[in-house]
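Please read the structure below before turning to the comments.
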Amino acid sequence: MSPATIHIAPSILSADFAHLADEIASVEAAGADLLHVDVMDGHFVPNLTIGPPIVESLRKVTALPLDVHLMVTNPDTCIPDFAQAGANYLTVHTETCPHLHRTIQCIKELGVKAGVTLNPSTSLSALEEVVADVDLVLIMSVNPGFGGQAFIPACLDKIRRARQLIDRTGSHALLEVDGGIKVENAGDVLKAGADVLVAGSAIFRSPNYADTIAAFRTVARELQPR
Ligand code: DX5
Ligand code: ZN
């Protein structure tokens, strides 16, 4: 895939939750490709956010695919509820899944696209054995838990290696990167091989969502094809 065909996934963690439907309508109109939904349990990560009832409500107000990032200790217990609520992608952390192969199969059997992700300190080797089975590989470029953190530059090399792993194994997985992504560093992330950019604060704390999403696409267009 050429970087010109990038996908932009606004993370609603940085949206105004008192006006969530309006915020989602705004990013949809602004050209978002996916809606990134951060689920946090106050245990695996030090924050509490969204559960299946909210995903079910989101499903009713947007046609965008719901890209649900599960930052929870026992994802197996809540995967059926999020599938039922209308998630299109369910992404689990390798750190929370002792039986990762089974968890991925379970997500797929529910008719949902399966994603796997890694904390910045987790080696890429944690997903090597399953990469051919997944629809999405998510590289965390911050320690998960909060929006608005700074991108960890050392993650760029991991993104490059994830790209190589996906290409080498013939996996059809999209390569998504999440955390600290701004228009200013998007070029580096795309050059490293990302297909999907998650952006929370960069979009929802900008004055004009359409201008910001357009700026991401301009960065992608100006890169040489991989
Ligand atoms: C962090 C979340 C991210 C977060 C990104 O734990 O997984 O999706 O919302 O926010 P920004 O883009 O502000 O770093
Ligand atoms: Zn996320």
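Model, not experiment: these values are computed from the prediction. Counting convention: from 1, in listed order, for ligands and their atoms alike. Note that these values count all heavy atoms, side chains included, but never hydrogens, waters or copies made by symmetry.
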Exercise. Is a side-chain donor or acceptor of Thr169 paired with a backbone partner of Leu165 at a separation under 3.5 angstrom?
Worked result: yes

For this session: If the plane angle is over 60° it's perpendicular, under 30° parallel, otherwise tilted; pick one for His93 and His69.
Result: parallel

Problem set entry | Enclosure of Lys113 NZ (heavy-atom neighbours >12, cutoff 6.0 Å) | no

Exercise. What protein N/O/S atoms are found closer than 2.8 Å to the Zn ion (ligand 2)?
Worked result: His36 NE2, Asp38 OD1, His69 ND1, Asp178 OD2

For this session: Taking Glu129 for its side chain and Ala126 for its backbone only, find out whether a donor-acceptor pair lies under 3.5 Å.
Result: no

For this session: For a side chain to side chain donor-acceptor pair (under 3.5 Å) with Thr103, tell me which candidate from Thr94, Thr96, Asp76 qualifies.
Result: Asp76

Problem set entry | Donor-acceptor contact below 3.5 Å, side chain Asp195 vs main chain Leu175 | yes

For this session: Check for a donor-acceptor pair, side chain of Asp33 on one end and backbone N or O of Ile8 on the other, with a separation under 3.5 Å.
Result: yes

Exercise. Which protein residues have a heavy atom under 4.0 Å from ligand 1?
Worked result: Ser11, Leu13, His36, Asp38, Met40, His69, Met71, Met140, Pro144, Gly145, Phe146, Gly147, Gly148, Asp178, Gly179, Gly180, Val198, Ala199, Gly200, Ser201

Exercise. Any side-chain heavy atom of Asn88 within less than 4.5 Å of one from Arg59?
Worked result: yes

Problem set entry | Main-chain N/O of Ala114 paired with Asp135 side-chain donor or acceptor, under 3.5 Å | yes

